[in-house]
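Here the structure is laid out as structure tokens; the discussion comes afterwards.
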Amino acid sequence: MTVRPLTRVALVGAGALALLGPLTATTALAASDAGRGGDRVLAAPYAVEPYETVNVRSGPARSYDKVGSVAAGQPRGAYCWTRGETISDNGYTNNVWVKLVEGYVSAVYLKGDAYGDLPASATC
């Protein structure tokens, strides 16, 4: 089987540009077959990645319903961030929650800065 590289995908939103690494037809197919949400990364202007498996909530607090989860290292599309319940875990504490396609996750569990590497101006 021949694997052809696909073009780098540019995600544009609010004047920001984020580049994902090169994908191959095989990895793109594997992601869609495994239900890992490759399309969910492409549907939003930013991309975030949890460093451990994280619960996705319907709102920016643990009191909101759990609507799913995102596995560690699995990129997801993100729209914006907002303030919500303060979360402390693994030596980090903040009240920033990032709005994904599926719902909200605490930025405490995302790679990057206190905003999950979204621009500070990307507020919900």
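Reckoned from all heavy atoms, side chains included, excluding hydrogens, waters and symmetry mates. Just so it is clear, the structure is predicted and the values come from calculations on it, not from any experiment. Residues: numbered from 1 along the sequence shown.
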Please find the pair of heavy atoms, one from [X] and one from [Y], that lie closest to each other, and give the distance.
X      : Y      : value
Lys99  : Val101 : NZ-O, 4.2 Å
Glu102 : Val67  : O-CG2, 3.5 Å
Thr82  : Pro60  : CG2-CB, 4.0 Å
Ala107 : Ala114 : CB-O, 3.3 Å
Ser88  : Thr93  : OG-OG1, 2.7 Å
Val98  : Ala78  : CG1-CB, 3.6 Å

To the nearest 0.5 angstrom, please state how far the [atom1] atom of [X] sits from the [atom2] atom of [Y].
X     : Y      : atom1 : atom2 : result
Asn95 : Ile87  : CG    : CD1   : 9.5 Å
Asp89 : Glu52  : CG    : CD    : 6.0 Å
Asn55 : Ser106 : CG    : OG    : 10.5 Å

Could you tell me whether the side chain of [X] and the main chain of [Y] form a donor-acceptor pair under 3.5 Å?
X     : Y      : result
Tyr51 : Val108 : yes
Glu49 : Lys111 : no
Trp97 : Gly59  : no

Residues, nucleotides or ligands: over 12 heavy atoms within 6.0 Å of Tyr79 OH: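 Above 12, so yes.
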Candidates Thr53, Val48, Val54 - the one meeting side-chain contact (heavy atoms from CB on, under 4.5 Å) with Tyr109: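 Of the listed options, the one satisfying the test is Val54.
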Proximity of Tyr115 and Trp81 rings by center, below 6.0 Å: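 Under 6.0 Å, so yes.
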Beyond-backbone contact of Arg83 with Val96, side-chain heavy atoms, under 4.5 angstrom: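 Side-chain contact under 4.5 Å: yes.
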